[in-house]
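Residue numbers start from 1 in every chain, and the chains themselves are labelled A, B, ... in the order their sequence lines are given, proteins ahead of strands.
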Amino acid sequence: MHREEKLLIAVVMAVSAAMFVGSFQYIQEAQYFPQVVALVTMFFGATIIANRRFNLAGEATTDLVGTVQDRAELEEQVHGDDDGSRPELDTAEPGSFRINLPLLYYTVPFTSYRVTHRATLAVLLVVYLGLVWLVGVFVSSVVFVLLYGKVVGLRRGVFAGIVAFTVAALLVFGVWLETPLFRPSHDLFGLTVMGG
Amino acid sequence: MSALASFIEGAALIFTPVTLLLIVAGITVGLILGATPGIGPVPGIALVLPLTIGLQTWEALSLLFAIYVGGMYGGAVSAILLNVPGTAGAIASTFDGYPFSLRGEGRYAIEISVLASSFGAVFAAVLLIVSVPILVAVIALFGTPEYALVAIFGLAIIPLVTQYSMGKALMMAGFGTLLSAVGMPPMTATPRYTFGILDLSDGLAFVPVLLGIFAIAEMIKLTGYDGSLGDSQSGGADGEPTEPRETNGLSDLLDRFADIFVRNPLTFFKSVIVAIVIGFIPAAGGAVSNILAYALEKATAKDSESFGTGDVRGVISAESANSGTIASTMVPLLAFGIPGSPTAAVILGGMLMHGLNPGPGLFQDSVHLSYATFISIAVGGVLLLGIGLLTATQMARLTNLEMTMIVPPVVVLCVVGSYALSLSVVDVSLVVLFGLLGYLMIKYNYSTVAFILGLILGPIIEENVHRSFSLGDVTIFVGSPLRILLVALIVGSLVLPVAAAVYRRTAA
């Protein structure tokens, strides 16, 4: 099992266990539902782990859609080459599509460490969230687009177009929906509302 | 109120200049989003949701229905031209659509696809408009215990109607259901699992979770690719597609019309009926109906060997089925609050956002809203015909968009959109958190649809199970033939995949 998949299962199991234990602090009638659901969730999580470890039942699935997508072959490729060293194929998902384009990588400045653009976007999202909290949605959105353009190396014309789109979208939210674009979500500097 | 009066009241909600203009805009946006790699109707509608805050309820919902109609067809463009289905509902369109492109007849296949999609959506919606009085009578049979059982059935059936393994699908359904326990429980005024955060007292905000799971997760997946969808060497057929030929005007279009309704009318009507039935099943939607309709058409055709080589019946069946499902997925949504497809789940987010709480009460007491839904979809289907035919060539160009260009605008719209809903950074955190989790789910084949359905159905299950127990003990759930049937369906849905796996293993 890949470490990212382990992480996903661990998150699900840990949250379920925590909510099961935490449920005891509420009145009895409000306890049953989270307790039963947490136990069911942990049961299926344990089933997946046991199935992977001991190959109890294989991948039990009726596979209505998967039969036409050669999933097994694609899955083997996506799971088999996650060492980040060569292009990989992605799996086709419902509402998605099959792509076999090469993957892009980003070399972290001042190091020779290469990470996928997916990992960099994940980090950028966390930075974006922090900036929304710190300086509001307008500045954070522009900074996110600038950072993304730098990491991905967008062409100048494309980059300008995306910046223009972003600013226009922000203005739509700000003017039409009256979203406060510059309001931070903290009171660190005594400036809760900096403008609308 | 008579059915006719309700119908007129429903129609009055749709036939206003603003709503009609919004339907036109929705079809266009849906076409663009459906044909744009990696977006499609589910993330597309999720993205547009926050922008509808400023609209009246039925203006907003008509816009969302129109995006659904346009997006369902839009997915066929890359399916036919590149052998890459833009949505799961267009998978079967690749089988015979792409061979048309290989021999230079991509434009023909796209036009057939527009006609089949448009008339499929309209025909299904009209059939359901006629059936509303029957549906209302059937829904009246469902009391509190039945409602609880239907919601549990909605979760139990997920492994059967999706391609996910049973354990993974049910674990994600359980996880979603569990997270629905955050917030105010139905039986007490003390919130659960909020950790003192006021923004969580109404539970996890649905739209930010949708944006994270469906849009941000897709963007993380998409951002790694170098180039455009048009550069992708998709598998399946040998050879390279040639440029689509232009049509020769109205006579060609009439010929396409005859291909469907004169030469292959049974193909069309069979597929739409399949679509309507599939739409009633929670979570199935166009992803299942297009494949089943195609398989049925191929199985019942006398000369089935021509399927897969560019047979027009393949395109008609797949496209009329996926669009035919749109109206029927709204039936479980309006009647029980249970979405019949992932896209319907996102539309549910829109309904809740605009103060509509779907369920038996709404369906029976406000019949005109059901009429308005189906009328809106039918109008969208009619408009799709014109807009789809006019923009067929332009839509094909969207497949040349570079993947990396699509990501930043979508991410910004998700973050700013979620913030705009309640001006809370907690909602933005939900977008990011569930985006990252959603990406892991997609990458390792854990059902995002099961997760969302769990989140939606959790409160329905808890509330109605709680109410049922106030009416009697556990035997109340087998207290009538309908309840016994529902229990049998739940047990069957859970046992069937296991039995099938055991049988396969034994046979091997």
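No part of B:Pro186 comes within reach of chain A, as not one of its non-hydrogen atoms sits under 4.5 angstrom from that chain. If you measure heavy-atom distances from B:Leu51 to chain A, the contacts under 4.5 Å come from both the backbone and the side chain. For B:Leu436, the part sitting under 4.5 Å from any heavy atom of chain A is the side chain, from C-beta outward, and nothing else. Interface remark: B:Val412 contributes backbone and side-chain atoms alike to the contact with chain A (heavy atom separation under 4.5 Å). Contacts of A:Trp176 with chain B are made by side-chain atoms alone, with heavy-atom separations under 4.5 Å and no backbone atom involved. In this structure, the portions of B:Leu170 lying under 4.5 Å from any heavy atom of chain A include both its backbone and its side chain.
Inspection of the A:Ser23 and A:Gln35 side chains reveals an N or O donor paired with an N or O acceptor under 3.5 Å. There is no side-chain donor-acceptor pair under 3.5 Å between B:Asp427 and B:Ser418. A donor and an acceptor atom, one from each side chain of A:Thr120 and A:Tyr148, are nowhere located under 3.5 Å apart.
In this pair, B:Tyr294 and B:Phe95 present their aromatic rings perpendicular. The plane angle is above 60°, beyond the 30 to 60° band.
Considering only heavy atoms from C-beta on, B:Met187 comes within 4.5 Å of B:Glu462 through its side chain.
Ranked by heavy-atom pairs under 4.5 Å with chain A, the first of B:Ala420, B:Ala295, B:Pro185 is B:Ala420.
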